[in-house]
Amino acid sequence: MATKRDYYEILGVDKNVSAEDLKKAYRKMAIKYHPDKNPDDPTAEEKFKEAAEAYDVLNDPQKKARYDQFGHAGMSGAAGGGYGAGGPTMDDIFSQFGDVFGDDSPFGSFFRGAQGGGGGRQRVRRGSDLRIKLKLNLQEVANGVEKKIKVKRHVTCTTCGGNGSKNGTAVQTCSTCSGTGQTRKVVNTMLGQMVSTSTCPTCNGEGKIVTDRCDACFGEGRVLQEDVIPIKIPAGVAEGIQLSVGGKGNVPPRGGVAGDLLIVIEEEEDADLKRDGNNVVFDLYINFVDAAIGTSVEVPTIDGKARITLEPGTQSGKILRLKGKGIKELNGYGRGDELVHVNVWTPKILSAEERSILEKLRNSPNFQPRPNKNEKGFFDKMKDFFHG
Ligand SMILES: [Zn+2]
Ligand SMILES: [Zn+2]
């Protein structure tokens, strides 16, 4: 291990340097040894980091005092410098730039922006999501269903293991960005220096260069494949709800994690039953003889049929409730009902005979409307059912 150089020597200042001169000295070194300005000098990045570490210590009165007293020995351990064992990372250094170039300048925020979360090296590339529509009938919506969905998605190429190189080995770290995928530029302007970060043009931000392409995926590291993905649709979903299956989307080119498979629910309209929240509504039509005498009829339900009894004297607008014949609550335990809405059919065409029979009943006392004032009208009943 090389011996560490003296911090004052690195920055070319003496022990009594003012804060302003220290900052100037560091700026000079940072610009001189910036890795982007010295692509052919492998020691530049080391010198750049060395300067940053020196500045970090000398700029902090407590650290400076400890360094003045004990030298480098005083800087090790938890009480020492702000950097870990490996010295400062490039991100640490760039996070200093706001200080060095002035946080109160209009560029303070620019510097912070340029650091952009700072996680350039740890960034895991994520592939795109796949979005598909899935049509479900009322029965599937009500009870939940398991489906097998065929999708064409990009999966990791097994020949090269996803890096796109021949046999998975013909790959090198990009020398332009040292594998970070980003290049940083210090630009001199009238107002001072600005740092900008951009995607490395040599490797397109991937940090690696493939020197010989994989034949199976033409260097893309992924291949298009038809997959059958089993999914469990919970009961109670509705039109427009989006379900996601993690990691079943596309993998990005040349390695990374797959996106998600997003399933957008579409509800098929049922011929008989209309959905209203977790209830289903069936419009039943009966003739007025059945309404007057009473009858028993079959009505469709989500899972089949049910027989219901209509009392003699059933009024149009009556709502019968079939408990638990509705849709299961999404992520819950309850279940909606089926509401049978009774409509009494009034004949539109009458034969002479039918007409004469009805004429005889026209003035019959029991055919005179005698609504019960306590009985609620149709709209009140609907209100009770849906909001009560
Ligand atoms: Zn391949
Ligand atoms: Zn690169």
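Whatever order the structure lists them in is the order used to number ligands and atoms, beginning at 1. The basis for the numbers below is simple: all heavy atoms, side chains too, and nothing from hydrogens, waters or symmetry mates.
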Tell me the angle that SG of Cys174 and SG of Cys203 form around the Zn ion (ligand 2), rounded to 10°.
110°

Quick one about Tyr8 and Asp68 (side-chain donor to acceptor, distance below 3.5 Å, no hydrogens or angles considered), yes or no?
yes

Just say parallel, tilted or perpendicular for the rings of Trp345 and Tyr285, cut-offs at 30° and 60°.
perpendicular

Please find out if less than 6.0 Å separates the ring center of Tyr33 from that of Phe48.
no

At a cut-off of 2.8 Å, list the protein N/O/S atoms near the Zn ion (ligand 1), residue plus atom name.
Cys157 SG, Cys160 SG, Cys214 SG, Cys217 SG

Heavy-atom neighbours of Lys64 NZ exceed 12 at 6.0 Å:
yes

Scan for side-chain hydrogen bond (donor to acceptor under 3.5 Å, both in side chains) pairs involving residues 238-266, sequence neighbours excluded, and state none if there are none.
Arg126-Asp260, Ser128-Asn250, Arg131-Gln242, Glu206-Arg254

Just checking, any donor-acceptor pair under 3.5 angstrom between side chains of Asp227 and Gln225?
yes

